[in-house]
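To keep things clear, I will list the structure first and then write my remarks on it.
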Amino acid sequence: MNRTLIEVLPSRVGEQATVRGWVHTVRDQKRMQFVIVRDETGLAQVVLPKQEPPSELNESVSALTVESAVTLMGTVVADERVKLGGLEIKLESLVVDSPAEPEVPIAADSALDKRIDWRYLDLRRPDRRLIFEVQSTAEHAMRDFWRKEGFIEIHTPKFMGSASESGAELFKVEYFETQAYLAQSPQFYKQMAMAAGFGKVFEVGPVFRANPSFTSRHDTEFTSVDVELAWIESHEDVMAFEERWLAHVLAAVKEAHGQAIEETFDTELVVPRVPFPRVTLEDAKQMLRDAGHDAPGVGHDLDPPSERAFSALIKERDGHEFTFVTDYPSTVRPFYHMRHPEDPTLTRSFDLLWRGIELTTGAQREHRSEQLLAQAAEKKVDIEPIQYYLNFFRYGAPPHGGFGFGLTRLLMQMLGQENVREVTFLYRGPHRLEP
RNA sequence: GGGGGCGUAGCUCAGCAGGUUAGAGCGCUGCCCUGUCACGGCAGAGGUCGCGGGUUCGAGUCCCGUCGCUCCCGCCA
């Protein structure tokens, strides 16, 4: 294959080049034909004088439809008249690899739902592509950090025989003669890795939530980033890891794409200072009340409006976009979160908020078998289907903790997008199974 | 699951207190245009007004139902 990417054309002036991409625009005039061609690296102008009568090549250009996949060959020439990069390709041959039907069904300003119907066309736009370049950079930076710190990557099963925790509803699937569930979280399995002595693990993978949620930040399948650390002292160690890790990721994204993100999405990516502010849930509520906001009562979590208001308060007070909210009451946390020794109504847990949205839930886990059983009993958890999990703690489990992290929510906030659907390659929701 | 908003041309939308052949911009088709670059000009095609029912002399417009989309709440990452 002899393909020249559009971004390298400036270094090929005077040479022949073969550009392969999509027809962006055709301007077919009396004496002169212009085609703007697009590939994944940019746009370039292609020019062809019209013969009298029109040559075969002229006719081919006239017949081009927007978004057709083409291969075109010609000589690269510098020309100051060309506003697009000051150069153009003098067309010598043209092959239509795959013609596009006239009239593409979506435009740049089409509604999101309609754009998702035609997602592959939507994703041809450079600004949509940037989303996934950023995602690639972010995931790469995450893995860099994990590897440097001695983490092991695991891949846990997505078929499960029972719920991994209460709360979120499960998708049921047929499984031969029996019934299976789609994993709503790798929670139990990453804890198994702790019991297995892996020390520090991570997983980036799909999770499934059967909640009919109709909001801009929920989907039924999304990519979860999960981390679990052994031999910690408390949830503080988990937060201390997460903030260093995130600062590294944001710095890497800013370095690679900061300018493009600002130009494309009008959002400045701020690399956060470490440590992030930490506020207990009760203090957070008090801060909200002091500032004149409504805050949920004792025993309740922050609701979304309070989360937004609280993030704004922290921004004002500490100049920080991130906040750990810590020490949730055991009433709103699962049975396996470790309790505070001095106050068993509180858990060693935290949420991480970024610009008002929940990115993470984390905690130190209860690794002492008897204590864990007692907490399960207190929460009236049916032990029988999760006996395999409880067994993890019977033969020496290290103290450990970790967090789950929504990749799409991170991306949404990094790019100033209002909806996770915008930053998901293919969104899955209660009414969306296609494409 | 609860609440609000929306559904008119391929796309984005307008349609005043119900009234005669339902409009605009973009796109599309054809013709014209000596280098365009958001090219420009002229002409044209294209609409079961989401669907079903009702009120009315008359419904895109009002009412009921239904489907779809969307946002907020609940749930959470």
Side-chain angles (χ1 to χ4, degrees), chain A residues 24-37 43-50 52 61-63 65-67 77 79-88 90 100-118 121-122 165-170 184-187 204-227 242 296 300-308 332-334 351-354 357-362 403-413 418-421 424 429-432:
Chain A
H24 194 70
T25 314
V26 181
R27 285 191 275 273
D28 186 6
Q29 302 184 128
K30 178 98 171 180
R31 310 273 185 199
M32 207 58 89
Q33 293 177 309
F34 301 95
V35 177
I36 309 299
V37 63
L43 297 168
Q45 174 162 295
V46 178
V47 65
L48 180 68
K50 232 179 196 172
E52 190 54 51
V61 169
S62 297
T65 52
V66 169
E67 292 303 330
V77 296
D79 192 323
E80 284 181 2
R81 288 175 298 185
V82 183
K83 291 181 184 169
L84 190 59
L87 60 79
E88 63 188 359
K90 290 199 170 303
E101 295 174 21
E103 256 192 322
V104 291
I106 52 164
D109 62 347
S110 290
L112 178 57
D113 188 58
K114 205 160 276 183
R115 287 192 282 114
I116 292 175
D117 285 339
W118 300 94
L121 293 175
D122 186 44
E165 49 191 283
S166 55
E169 290 167 52
L170 291 168
Q184 60 192 173
S185 152
Q187 181 60 37
V204 180
V207 295
F208 306 90
R209 303 280 165 95
N211 298 324
S213 295
F214 301 98
T215 78
S216 57
R217 59 194 182 281
H218 289 89
D219 24 29
T220 51
E221 174 178 353
F222 65 93
T223 303
S224 177
V225 176
D226 276 88
V227 166
E242 185 174 11
H300 289 88
D301 196 354
L302 260 31
D303 51 27
S306 321
E307 286 176 339
R308 290 188 284 269
V332 299
R333 292 288 168 160
D351 275 9
L352 175 62
L353 303 181
W354 185 18
I357 196 166
E358 225 172 292
L359 279 188
T360 284
T361 294
F403 61 86
F405 178 99
L407 182 63
T408 38
R409 287 189 178 179
L410 173 77
L411 219 51
M412 176 170 91
Q413 296 302 70
E418 306 264 298
N419 201 310
V420 290
R421 279 162 252 186
T424 305
H431 299 308
R432 172 65 78 172

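In the text below, chain A, chain B and the rest are named by the order of the sequence lines, each starting its count at 1.
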Could you walk me through whether Asn419(A) and Arg421(A) pass the side-chain hydrogen bond (donor to acceptor under 3.5 Å, both in side chains) check? CA-CA 5 Å; Asn419(A) 201 310; Arg421(A) 279 162 252 186; 3.1 Å; yes
Assess whether side-chain contact (heavy atoms from CB on, under 4.5 Å) is satisfied between Met32(A) and Val47(A), documenting all intermediate values. CA-CA 7 Å; Met32(A) 207 58 89; Val47(A) 65; 4.1 Å; yes
List the steps, then state whether side-chain hydrogen bond (donor to acceptor under 3.5 Å, both in side chains) holds for Gln33(A) with Ser62(A). CA-CA 8 Å; Gln33(A) 293 177 309; Ser62(A) 297; 3.0 Å; yes
Dump the intermediate steps for side-chain contact (heavy atoms from CB on, under 4.5 Å) on Leu353(A) and Glu358(A), then the final yes or no. CA-CA 5 Å; Leu353(A) 303 181; Glu358(A) 225 172 292; 4.1 Å; yes
Let me see the working for Phe405(A) and Val227(A) under side-chain contact (heavy atoms from CB on, under 4.5 Å), right down to the final yes or no. CA-CA 8 Å; Phe405(A) 178 99; Val227(A) 166; over 6 Å; no
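Here the side chain of Arg409(A) pairs no donor or acceptor atom with the backbone of Leu359(A) at under 3.5 angstrom. Using a distance-only test at 3.5 Å, with no hydrogens or angles considered, no donor-acceptor pair links the side chain of Ser213(A) to the main chain of Thr215(A).
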Along nucleotides 43-48 of chain B, 5' to 3', which nucleotides get a B, which get an S, and which get a -, given that the test is a protein heavy-atom distance under 4.0 Å? ------
What one-letter contact string describes nucleotides 23-32 of chain B from 5' to 3', where B marks a base within less than 4.0 Å of any protein heavy atom, S marks contact via sugar-phosphate atoms alone, and - marks no contact? ----BS----
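In this structure, Arg333(A) atom CZ and A77(B) atom P are separated by 8 Å, rounded to whole Å. Rounded to whole angstrom, the span from the CD atom of Gln33(A) across to the P atom of C37(B) amounts to 16 Å. When rounded to the nearest whole Å, the span between CG of Leu84(A) and C1' of C37(B) equals 8 Å. Summarising the geometry, the separation between CD1 on Ile357(A) and C1' on C73(B) is reported as 15 Å, rounded to the nearest angstrom. Atom P of nucleotide U36(B) and atom CD of Glu80(A) are separated by 15 Å, given to the nearest angstrom. As a whole-Å value, the separation of Leu353(A) CG from C76(B) C1' is 13 Å. Straight-line distance from the CG atom of Leu302(A) to the P atom of C75(B): 12 Å, rounded to whole Å. Rounded to a whole Å, the CD1 atom of Ile116(A) is 14 Å from the C1' atom of G68(B).
For Arg217(A) and G74(B), the shortest distance from a side-chain N or O to OP1 or OP2 is not below 4.0 Å. Contact check, Ser216(A) against C72(B): a side-chain N or O comes under 4.0 Å of OP1 or OP2. Checking the phosphate oxygens (OP1, OP2) of C71(B), a side-chain nitrogen or oxygen of Asn419(A) falls inside 4.0 Å. Using a 4.0 Å cut-off, some side-chain N or O of Lys114(A) falls inside it from OP1 or OP2 of C11(B). Side-chain nitrogen and oxygen atoms of Arg308(A) include at least one within less than 4.0 Å of the OP1 or OP2 phosphate oxygen of C73(B).
The side chain of Pro105(A) lies closest to G10(B) when the candidates are G10(B), U36(B), C76(B). Ranking U12(B), C76(B), C37(B) by closeness to the Arg209(A) side chain, first place goes to C76(B). For Asn211(A), counting side-chain heavy atoms from C-beta on, the closest listed nucleotide (A77(B), C75(B), C69(B)) is C75(B).
By the salt bridge (Lys or Arg N to Asp or Glu O under 4.0 Å) test, Arg432(A) pairs with Asp113(A), Asp117(A), sequence neighbours left out. When the salt bridge (Lys or Arg N to Asp or Glu O under 4.0 Å) test is applied to Arg333(A), the partners found at least two apart in sequence or on another chain are Asp351(A).
Ala111(A) comes within 4.0 angstrom of sugar-phosphate atoms only, judged by non-hydrogen atoms across all strands, and of no base. When heavy atoms are screened at a 4.0 angstrom cut-off, Arg421(A) is found touching the sugar-phosphate backbone but no base atom. The residue Pro305(A) sits close only to the backbone: its heavy atoms come under 4.0 Å of sugar-phosphate atoms, none of a base. No engagement by Phe405(A) is indicated, since no non-hydrogen atom pair under 4.0 Å with the nucleic acid exists. Within the nucleic acid shown, Val82(A) comes within 4.0 Å of at least one base atom, counting heavy atoms only. Nucleic acid contact class of Asp219(A) (heavy atoms, under 4.0 Å, all strands): base.
Nucleotides C69(B) and C32(B) place their C1' atoms 43 Å apart, quoted to the nearest Å. If you take atom C1' in A24(B) and the same atom in U8(B), they sit 13 Å apart, rounded to whole Å. Rounded to a whole angstrom, the distance from the P atom of C42(B) to that of G47(B) is 24 Å. U12(B) sits 33 Å from U55(B) when the C1' atoms are compared, rounded to a whole Å. A distance of about 8 Å separates the C1' atoms of C67(B) and G50(B), rounded to the whole Å. As rounded to the nearest Å, U29(B) and A45(B) have C1' atoms that lie 7 Å from one another. Using P as the reference atom, C64(B) and C71(B) are 25 Å apart when rounded to the nearest Å. Separation of the C1' atoms belonging to C31(B) and G15(B) is 33 Å when rounded to the nearest angstrom.
In this structure, Val420(A) and Asp219(A) approach most closely via the heavy-atom pair CG2-OD2, 3.7 Å. Across every non-hydrogen atom of Val82(A) and Glu88(A), the tightest pair is CG2-OE1, 3.4 Å. Nearest heavy-atom pair across Asp122(A) and Ile106(A) is N-CD1, 3.6 Å. In this structure, Pro296(A) and Leu302(A) approach most closely via the heavy-atom pair CG-CA, 4.1 Å.
The base of C76(B) lies close enough to the side chain of Arg409(A) for a donor and an acceptor atom to sit less than 3.5 Å apart. Within 3.5 Å, no donor on the side chain of Gln29(A) pairs with an acceptor on the base of C33(B), nor the reverse. For C69(B), its base never sits under 3.5 Å from the side chain of His431(A) at any donor and acceptor pair.
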Which dot-bracket notation, 5' to 3', represents the base pairing of RNA chain B when pairs are defined as Watson-Crick or G-U with both distances under 3.5 Å, crossing pairs as [ ], and inter-strand pairs as |? (((((((..((((.....[...)))).(((((.......))))).....(((((..]....))))))))))))....
Measure all distances between protein nitrogen or oxygen atoms and nitrogen or oxygen atoms of nucleotides 1-3 of chain B, and list the pairs falling under 3.5 Å.
none

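Comparing Gln45(A) and Ala107(A) by the nucleotide of RNA chain B that holds the closest heavy atom to each, the one mapping nearer the 5' end is Ala107(A). Comparing Leu112(A) and Met32(A), the nucleotide of RNA chain B nearest to each residue sits closer to the 5' end for Met32(A).
We find the CZ-CG distance between Phe34(A) and Asp28(A) to be 10.5 Å, quoted to the nearest 0.5 Å. Atom CD of Glu67(A) sits about 6.5 Å away from atom CG of Leu121(A), to the nearest 0.5 Å.
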